[in-house]
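Below: one structure, written as structure tokens.
Below, chain A is the first sequence line, B the second, and so on; all start at residue 1.
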Amino acid sequence: MKNVLNNLTKVNIKEFQDDLITWFKNEQRDLPWRKDQDPYKVWVSEIMLQQTRVDTVIPYFNRFIEWFPTIETLAEANEDKVLKAWEGLGYYSRVRNLHSAVKEVKVKYDGVVPNTPKEISTLKGVGPYTAGAILSIAYGVPEPAVDGNVMRVLSRILSIWEDIAKPSSRKVFEQAVRELISHEEPSEFNQALMELGALICTPTSPSCMLCPVREHCHAFHEGVQTELPIKSQKNKQREVQLAAVVLANEKGDLLIHKRPESGLLANLWEFPNLEINHPIQNNRDQITRLFEQDLSLNLHLDKMIGQVEHVFSHLIWKIKVYTGMISTDFTESQEWKFVSLDHTDDYALPVFTQKILKLYQEYKKE
DNA sequence: TAATCGTGGTT
DNA sequence: TAACCAAGATT
């Protein structure tokens with residue numbers, strides 16, 4: 001650790017803080033979660049921003065705060081509505097954990113987000129980054145909030161050649177922040193590091209000539225700013241073959257199924273589907289039998305109307321989409337519903353399901 | 001530690 | 001177009 005951070009002793013910390021924070025106060029973006037320092041809103045924004053772009057988050061954040069303006073309202077909401085508010089954002093366990101944690105804050109902390117590292121870190125979905133972000137931004141506590149931006153910025157400023165893709169590297173950058181952070185303005189300091197990473201110290205072509213802390217930056221002085229940070233590459237996605245079926249009843253309502261409460265897309269809704277990874281499971285009769293065996297759906301597949309591809313972070317789904325008919329004695333249950341497309345307010349539909357729906361609607365036009 | 005967990009924009 | 005990227009947490 002000492003060796004990796006040996007450039008820390010060469011930084012004029014006071015000047016660095018001042019240059020960074022002054023720039024932030026002048027250049028920061030006007031974002032909806034910066035209108036006040038309500039710990040609940042800071043919390044919601046930080047969860048939404050995990051692995052998600054600012055431009056994507058803004059409309060989701062505004063609508064979420066409209067629907068659930070306080071800890072109390074979110075705690076009282078039912079999960080289907082909460083998931084619907086997250087529909088399309090991805091990483092859905094984030095909002096299920098947030099919902100659970102907000103309920104805990106309501107009963108255990110009398111509705112007040114805790115302001116100590118130990119307590120806030122026990123909340124579901126609140127890891128090291130989010131704990132530091134809420135504590136510093138909402139409460140002014142000088143804790144590190146190390147995200148991808150901070151690792152990139154500090155790897156350049158301090159010329160740190162650790163692999164930032166390794167989980168163990170985060171503690172190196174946390175230690176650096178503990179040395180550098182302003183105890184007078186920890187909120188501005190942490191946000192400034194991230195804002196600098198987002199606007200100036202970008203991954204591929206950093207705008208060093210516009211950088212307010214250029215003179216403090218070891219990578220700039222050595223001309224290696226585009227070689228940092230070091231980040232090892234991830235494995236590529238595994239490909240999975242699926243079959244899905246769109247089943248309409250007499251009214252034109254479509255059959256959807258609630259996914260399991262854990263794992264991928266937990267508790268979201270989908271058109272009936274299953275894996276068909278064996279080559280032998282590739283014709284219509286075989287797939288019909290699989291729906292009967294695996295899902296207890298007694299149905300007739302009409303025709304294959306097209307294919308849908310959907311890319312996850314670790315999977316690629318290639319889905320053959322069928323239309324079909326289901327036996328008249330089928331009955332609805334908690335996990336199986338016929339729904340009108342005009343009344344899906346209580347059913348969060350992930351993007352792959354919406355791709356199937358679009359294919360089906362185009363097919364119906366003809 | 002390495003996998004899992006989404007989606008859409010950028011290079 | 002394929003790879004990469006974006007304010008990570010959990011298991």
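Taking the ring axis of W67(A) as reference, the NZ or CZ atom of K81(A) stays within 45° of it and closer than 6.0 Å to the ring centre.
Using a cutoff of 4.0 Å between basic side-chain nitrogens and carboxylate oxygens, E184(A) and K14(A) are scored as salt-bridged. A salt bridge links K84(A) to E87(A): one of the charged nitrogens lies within less than 4.0 Å of a carboxylate oxygen. In this structure, R53(A) does not pair ionically with D55(A), as no charged nitrogen and carboxylate oxygen lie closer than 4.0 Å.
Residue N235(A) places at least one side-chain N or O under 4.0 Å from the OP1 or OP2 atom of dA3(B).
Distance CG (D163(A)) to P (dT1(B)): 11 Å, rounded to an integer number of Å.
With hydrogens and angles left out, the side-chain atoms of E270(A) and H257(A) include a donor and acceptor closer than 3.5 Å. Between the side chains of Q50(A) and T130(A), at least one donor N or O lies within less than 3.5 Å of an accepting N or O.
Nucleic acid contact for S45(A): none, since no nucleic acid atom lies under 4.0 Å from a heavy atom of the residue.
Relative ring orientation between F312(A) and H310(A) is described as perpendicular, the plane-to-plane angle rising above 60° on a 0-90° scale split at 30° and 60°.
Of the residues in residues 133-150 of chain A, those with a non-hydrogen atom less than 4.0 angstrom from any atom of DNA chain C are D147(A), G148(A), N149(A).
When the P atom is compared between dT4(B) and dA6(C), the two are found 22 Å apart, to the nearest whole Å.
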5' to 3', nucleotides 4-11 of chain B under a 4.0 Å protein heavy-atom cut-off (B base, S sugar-phosphate only, - none) gives SBBBBB--

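The closest donor-acceptor contact from the side chain of R178(A) to the backbone of P144(A) lies at 3.5 Å or more, if one exists at all.
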